[in-house]
Amino acid sequence: MVNCEGRKKEVIAIIGGGISGLLACKYCISKGFDPIVFESESSIGGVWTKTIGSTKLQTPKPVYQFSDFSWPDSVIQVFPDKQMVLEYIESYARHFDLFSHIHFNSKVLSLNFEDGGSGDGEWNLWGGKGKWNVTVQDTRTISPQIQIYQVDFVIVCVGRFSQVPNMPEFPQNKGPEAFEGEVIHSMEYSNMDSSTATNFVKGKQVAVVGFQKSGMDIAMECSTGNGVERPCTVLIRTPHWNLPDYFPWGLNLGYLFLNRFSELMVHKPGEGFLLSLLATILSPLRWAFSKYIESYIKHKHQLAKHGMVPEHSFLNELSSCSVSLVPEGFYERVEEGSIKLIKKAESFGFSKEEVIAIIGAGISGLLACKYCISKGFDPIVFESESSIGGVWTKTIESTKLQTPKPFYQFSDFPWPDSVTEMCPDQKTVLEYIESYASHFDLVRHIKFNSKVLSLSYKDDNSSSINGAGEWNLCKGKWNVTVYQVDFVVVCLGRFSQVPNMPEFRPNNGPEAFEGQVIHSMDYSKMDSKSATNFVKGKQVAVVGFQRSGMDIAMECSTVNGVERPCTVLIRTPHWNLPAEFSPWGLNLGYLYLSRFSELMVHKPGEGLLLSLLATTLSPLRWALSKYVESYIKHKNRLAKYGMVPEHSFLNECSVAVVPEGFYDRVEEGSIKLIKKAECLGFSTEGIMLEVKAETIKSELVILATGFKGIDKLKHIFESTKYQEFIAGSDDSATVPLYRECIHPGIPQVAIIGFSESTATLYTSEIRCRWLAELLDGKFKVPSIKVMEKDIAEWDKYKKRDSYNNYYRKSCIAALHRVYRCLYEMENFNERESRKKEVVAIIGAGISGLLACKYAITKGFDPIVFESESSIGGVWSKTIESTKLQTPKPFYQFSDFPWPDSVTEMFPDHQTVLGYIESYARHFDLFRHIHFNRKVLSLSYEDGEPSLSGDWNDAFSSKGKWIVNVQDTLTLSTQVYQVDFVVVCVGRFSQVPNIPEFPPNKGPEAFEGQVIHSIDYSKMDSTTATNFVKGKQVAVVGFQKSGMDIAMESSTVNGIERPCTVVIRTPHWNVPDYFPWGFPMAKLYLNRFSELTVHKPGEGLLLYLIATILSPLRWGFSKFVESHIKHKLKLSKHGMVPEHSFLKELSTCLISTVPEGFYDRVEEGSIKLVKKAKSFGFTKQGIVVEGQAEPIKSDLVILATGFKGIDKLKHIFESPKYQEFIAGSDDSSLPLYRECIHPRIPQLAIIGFSESIANLFTSEIRCRWLAEFLDGRFKLPNIKVMEEEIAEWDKYKKRYSYNKYYKRSCIGALHIWYNDQLCKDMGWNPKRKNGFWAEWFQPYGPMDYIA
């Protein structure tokens, strides 16, 4: 293999001219090769050519040198700077004449192996016939010149710190695109020379994300340039044991960790028994060495003072090659303030630079806040009161919601099921609003007790107001008292703090009255008790007949009765509705809140066709109005009381609900109505009216005369010009707003919640969503001229259809659906953002619904195939008496808790189903589900799986899944081609586990009937009762379904025909979850409890802790066992299991014993046949091994479980995939993260592996899968995944009982398991606040709320 000149003929290519590339070149030359080195840059040195100017060598010089080329004596520093290192590397290359082998400015574009190798399964150095084709580009030329080299061997020396920066992934609207500043990677900074870098950061507020070498160096350079005036902020996710020097307490670090003895303390790959034993014995010394160095670093850098003590050990740092040198003086800069440290920054995102202020934390303010946050803003909400809720915090206590509940709710946060009233009271409404704010974490944005005194625009003349210019979104600044902001959202509402006080003639005002005059606003601030005492025994007159007036009159009449009737003065009767919203039984919404109803009304901007249609349908509009009026007149007896309004119901935008029993009070005389009170004044004794000669004697007058909302709104602006704009003209709508949100002449302000509708919350929400899209730049408003024209059109509509001067309320009631069209742009954007990849989900049980929901959140439009006609999976086929086996708090969706109406800790089957269906409705999942669709088979279109290839990304492969689906009603089939499949068929599937029997010993030998529990569970309660009634029933199996069937049979047949239960293995089935009164969750569902268990992938420390705590683990188990034995009298019944409770828990075999089960055993209606290792059939019944007499039976029910693996396996057409699913005989289903088989691409299996609380675990798995589908992280290679699976398999075998490890249960390690998923997703795995809570409080679904 040597040519005549002594050179070997094989061609070796080396990619990269850094340290490794130069060394590879030098040693290849020494062996007679003539290597070619491709270097993409114009110089050698690799990462050192792209290093920050101030960076120094991180390793002591003696340890960082070539063995045959020492550092020159002129370099005396232990840690030379970048320039010295580069010169040393160049000297090495010159000394060994390496430059002659280097092709500079030659970038390798690709490597392609021409021949697959020898095919004998061995890796041959030169024996194969293959060649590598190296495609190289000359980077010096403008038009790329490509050359292909054919070589025998390739050495890739591109290094870890290559040219592909690691850019974090961010949630939507939280990435750099939301930021108006500049975002660069440290790689770009390191490409700058010292002078350029200094000028680049000079005078800027710089934030550095990261705390390794480059992060610290950049922070030092920035702080040098900007000082304490503009400190550099460093965001740190994980503090590290970065060294001040290599001589802790004067001892050379090399003596501790860089010699043979130090390595004896560490477990090594391939070590034998002796070395393993030695490493274990010396582990305390290893720990001591680590603590020795940590103490030095903590002391030297004062880490405790700065809150920078790492949680991991120095040994972990060293083993991860993460040790860096702290730049000299770094912590002094922290001390002086030129560097600021932000610790534990687990995740981060970018916010918009613009500052948005929201005035008011009522309904509209909260909605504006929520939707601004969704677009990446960080709004400030100013609330003058100490609580949220706006007008609802100042409402009369007896007041109820005036809009039917379904029309007054947040679109993404419905009323809880516990609120059953159609019109809830004030307190309930407030609680609902507070729950909304809490759910979306809005309270942290609110500054309570902060009253905005004034708004002034920094450049009043910047906005064009002549109708020809543009409305500026963000050019000037608003001064909000002392805050400077970019945009203001005013959400004060119409019912503000400025009461509308009527004007009186001289000497006829309240000053002439000897009694007391207050406004309804003052009354509404009183609590119920204070209000009662205030009116008690007084002659009260109420002026006004809207909501507050009627409520006050009701309260007064309740307190004072007919002895002191409450007088109500009414200027204008209104079409106030009775308590229900169904005139003559027809829902009012059908009449006025549909698209058809709006066809009858003339609309702003309508064309000729719509105008003709509205005119044509006007008789129908009149008829509908008369229909509603007739009902109100009849129900409230308006004609009798002279209270029939002169205007039509259609003109009413002041509809209120009449308090229940109001007109009964009028009838009895405790309320008196004074109609057409056009003009009023006061005398010493009371109220005078023009139409009445006498005075209405009063001691207390309450003016329910409304509010001057326009005054409050107007005077918040300092500019008189803006005050005029707000006031509008005398004959215009109250505030001339485009889309009822924006004044064309006032830039960077929106007014939400001032204009009215029939359902204020509903309308405010859509306005806030519209505003958020505008602020996010999704669309632009038209020119001022166009906006003013649109406002004028709406003004005409309001005047035409409103009664009297009530058009100034800016009501859009009769056209709320037309108005809603302004939101179409966002809907369009949502549709456009849908991802193109098709995701199929098989099964609409718990896991399938969760997979669907979280796939939707990532922009997918999944198809769910469900073979049944309803959702719920196993819960739709469960025995009716079955209850939830997990305590309710651990079996709930993290973002959809159980309703308050479900009070049982273990709800029954129907309640659980109802909860699951509510979840699906709430998140609109039904539209994705194809019912009665059975998946017959799955086949992968792109051939068989590669045995060695990887599929790190969800959609990296070019293959497709072919899903063959059958309609179970018509038996027709349809084929779907999809990109990803999520299999959610569950373990308890449709393939029952029927035991195998010897010949003539099976069911065929039995004269009675044999069924499986799956058949029984499909029967309703009545059918099941009739089926077992009068029969001698034997149940084989002692898990959940077996016990439930036995209970039902014994209830029907009693002791006359006892039900026999054949038991192979007794189990630690629990009577409750409070052994001896102590919550079981605190024993097994917290972090501390998991310290007692050996874990997959644990290090030495956790191994030692689990070993040391093993007696405690044993003690916990015995504690629970003693409770179960005592409570259920297991010893008496011979039912004490031979295995431990921990094994039961670790195998997910725990069931809740039906209440009264052992009482039935005691009374004789249930008989237990224990230790039935095997059984068979005779004519008369069951023959159990070891018993001479058969168990006489008429009916045998096999509660023997399911062959879930068979169902799962046979869904695949490929035999190879079937083998992969089956695994080996001694392993569980081999799934990475219990979700993904490494060798089956583009497919996940959710809900097959078990846990103590399956819903809880399925949810976090589905969230993990959604993040994976969205590309937020990648899977490791197949080898790593399979190693991980093997580790978990060892754990399952170690702690599971008997062969039950194949159930793939993570029961005793659910937190450890969840931690791994959290880390994959980039979440902080520690979800609780405080040490005690984190280690000793149980973990549940609500700890993982996003």
> Between R1261 and Y854, does any side-chain donor sit less than 3.5 Å from a side-chain acceptor?
no
> Is there a donor-acceptor pair closer than 3.5 Å between any side-chain N or O of E1259 and the backbone N or O of S894?
yes
> Looking at G914, is its backbone amide N or carbonyl O close enough to the side chain of E917 to form a donor-acceptor pair, meaning the two atoms are under 3.5 Å apart?
no
> Once you measure the plane-to-plane angle for H930 and Y976, does it fall in the parallel (<30°), tilted (30-60°) or perpendicular (>60°) bin?
perpendicular
> Can you confirm whether E1234 sits close enough to F1248 that some side-chain heavy atom of one is under 4.5 Å from a side-chain heavy atom of the other?
no
> Just verifying a value: how many Å separate L1317 CG and F1273 CZ, rounded to the nearest 0.5 Å?
8.0 Å
> Under the side chain to side chain contact (heavy atoms under 4.5 Å, CB included) rule, what do L936 and V965 come out as? Steps first, then yes or no, please.
CA-CA 6 Å; L936 300 177; V965 181; over 6 Å; no
> With distance as the sole test, does N1277 use its side chain to make a donor-acceptor pair with the main-chain N or O of K1279 at under 3.5 Å?
yes
> Is the ring pair Y1217/F1212 parallel, tilted or perpendicular, if the boundaries are 30 and 60 degrees?
perpendicular
> Can you give me the closest heavy-atom contact between H928 and C852, atom names plus distance?
CB-SG, 3.8 Å
> Quick one, Q1009 with F1027, criterion side chain to side chain contact (heavy atoms under 4.5 Å, CB included). Give me CA distance, side-chain angles, the key distance, then yes/no.
CA-CA 11 Å; Q1009 194 171 359; F1027 182 67; 3.7 Å; yes
> Measuring from Y940:OH to W961:CH2, what's the distance to the nearest 0.5 Å?
7.5 Å
> Does D924 have more than 12 heavy atoms from other residues, nucleotides or ligands lying within 6.0 Å of its CG?
yes
> Ring centroid separation for F1256 and F890, is it under 6.0 angstrom?
no
> Say you draw a straight line from CZ of R1233 to CD1 of I1285; how long is it, rounded to the nearest 0.5 Å?
10.0 Å
> Determine yes or no for a side-chain-to-main-chain donor-acceptor pair under 3.5 angstrom, with S1258 supplying the side chain and L1255 the backbone.
no
> Would you say that T911 contacts L913 through its side chain, given a criterion of any heavy-atom pair below 4.5 Å between the two side chains?
no
> Under 3.5 Å, side chain of H1237 to main-chain N/O of F1220, donor-acceptor pair present?
yes
> What's the spacing between T135 OG1 and N133 CG if we round to 0.5 Å?
6.5 Å
> Just checking, any donor-acceptor pair under 3.5 angstrom between side chains of S1041 and D1044?
no
> Can you see whether D1320 engages W1264 through a side-chain donor-acceptor pair at a distance of less than 3.5 angstrom?
yes
> Do you know which two heavy atoms are closest between S847 and C1262, and how far apart they sit?
O-SG, 3.6 Å
> Report the distance from atom CG of D1315 to atom CD1 of I1260, rounding to the nearest 0.5 Å.
8.5 Å
> Would you check if I1240 and I1221 make a side-chain contact, meaning some heavy-atom pair closer than 4.5 Å?
yes
> Compare every heavy atom of E1213 with every heavy atom of S937, then report the nearest pair and how far apart it is.
OG-OE2, 3.1 Å
> According to the interplanar angle, ranging from 0 to 90°, do the rings of F980 and F1268 count as parallel (below 30°), tilted (30 to 60°) or perpendicular (above 60°)?
perpendicular
> Step by step, work out the side chain to side chain contact (heavy atoms under 4.5 Å, CB included) result for I1245 and I1236.
CA-CA 6 Å; I1245 299 169; I1236 282 175; over 6 Å; no
> Could you give the distance from CD1 (I929) to CG (L849), rounded to the nearest 0.5 Å?
5.5 Å
> Is T882 reaching over with its side chain to a backbone N or O of T878, donor-acceptor style, under 3.5 angstrom?
no
> Is it the case that over 12 heavy atoms from other parts of the model lie below 6.0 angstrom from the NZ atom of K1001?
no
> Below 30° counts as parallel, above 60° as perpendicular, anything between as tilted: where do the rings of F1177 and F997 land?
perpendicular
> Salt bridge (charged side-chain N to carboxylate O under 4.0 Å, His left out), that's the test. Do K853 and D895 meet it? Break it down for me.
CA-CA 11 Å; K853 187 255 188 182; D895 52 359; 2.3 Å; yes
> What is the minimum heavy-atom distance between P862 and I841, and which atoms define it?
CB-CD1, 3.8 Å
> When you compare the side chain of L938 with that of I962, does any pair of heavy atoms fall below 4.5 Å?
no
> Any side-chain to backbone donor/acceptor pair from K883 onto T1152? Under 3.5 Å, distance only.
no
> Is the charged tip of K1040 near the ring of W875: under 6.0 Å from the six-membered ring centre and within 45° of its axis?
yes
> Salt bridge or not for E866 and K934, using N-O below 4.0 Å?
no
> Mark yes or no for whether Q892, through its side chain, and P1341, through its backbone, hold a donor-acceptor pair below 3.5 Å.
no
> Locate the shortest heavy-atom distance separating Y915 from F896; write the atom from each residue and the value.
OH-O, 2.5 Å
> Does the side chain of I1045 come within less than 4.5 Å of S1013's, by heavy atoms?
yes
> Could you give me the CA-CA distance, side-chain angles and deciding distance for K1209 and E1219, then say whether salt bridge (charged side-chain N to carboxylate O under 4.0 Å, His left out) is met?
CA-CA 8 Å; K1209 184 172 71 173; E1219 288 172 22; over 6 Å; no
> Look only at the side chain of H1012 and the backbone of I1014, and say whether a donor-acceptor pair between them is shorter than 3.5 Å.
yes
> Apply side chain to side chain contact (heavy atoms under 4.5 Å, CB included) to I856 and D861, showing your working.
CA-CA 6 Å; I856 293 167; D861 189 15; 6.0 Å; no
> Apply the test side chain to side chain donor-acceptor pair (under 3.5 Å) to residues Q966 and T973: give CA-CA distance (whole Å), side-chain angles for both, the deciding distance (0.1 Å), then the verdict.
CA-CA 4 Å; Q966 181 186 55; T973 58; over 6 Å; no
> Do L1208 and V983 come close enough that some side-chain heavy atom pair is under 4.5 Å?
yes
> Donor-acceptor pair, D979 side chain versus V838 backbone, under 3.5 Å?
yes
> Minimum heavy-atom separation for A1172 and V1062, please, with both atom names.
CB-CG1, 3.4 Å
> Could you label the plane-to-plane angle of the Y1344 and Y1339 rings as parallel, tilted or perpendicular, counting under 30° as parallel and over 60° as perpendicular?
tilted
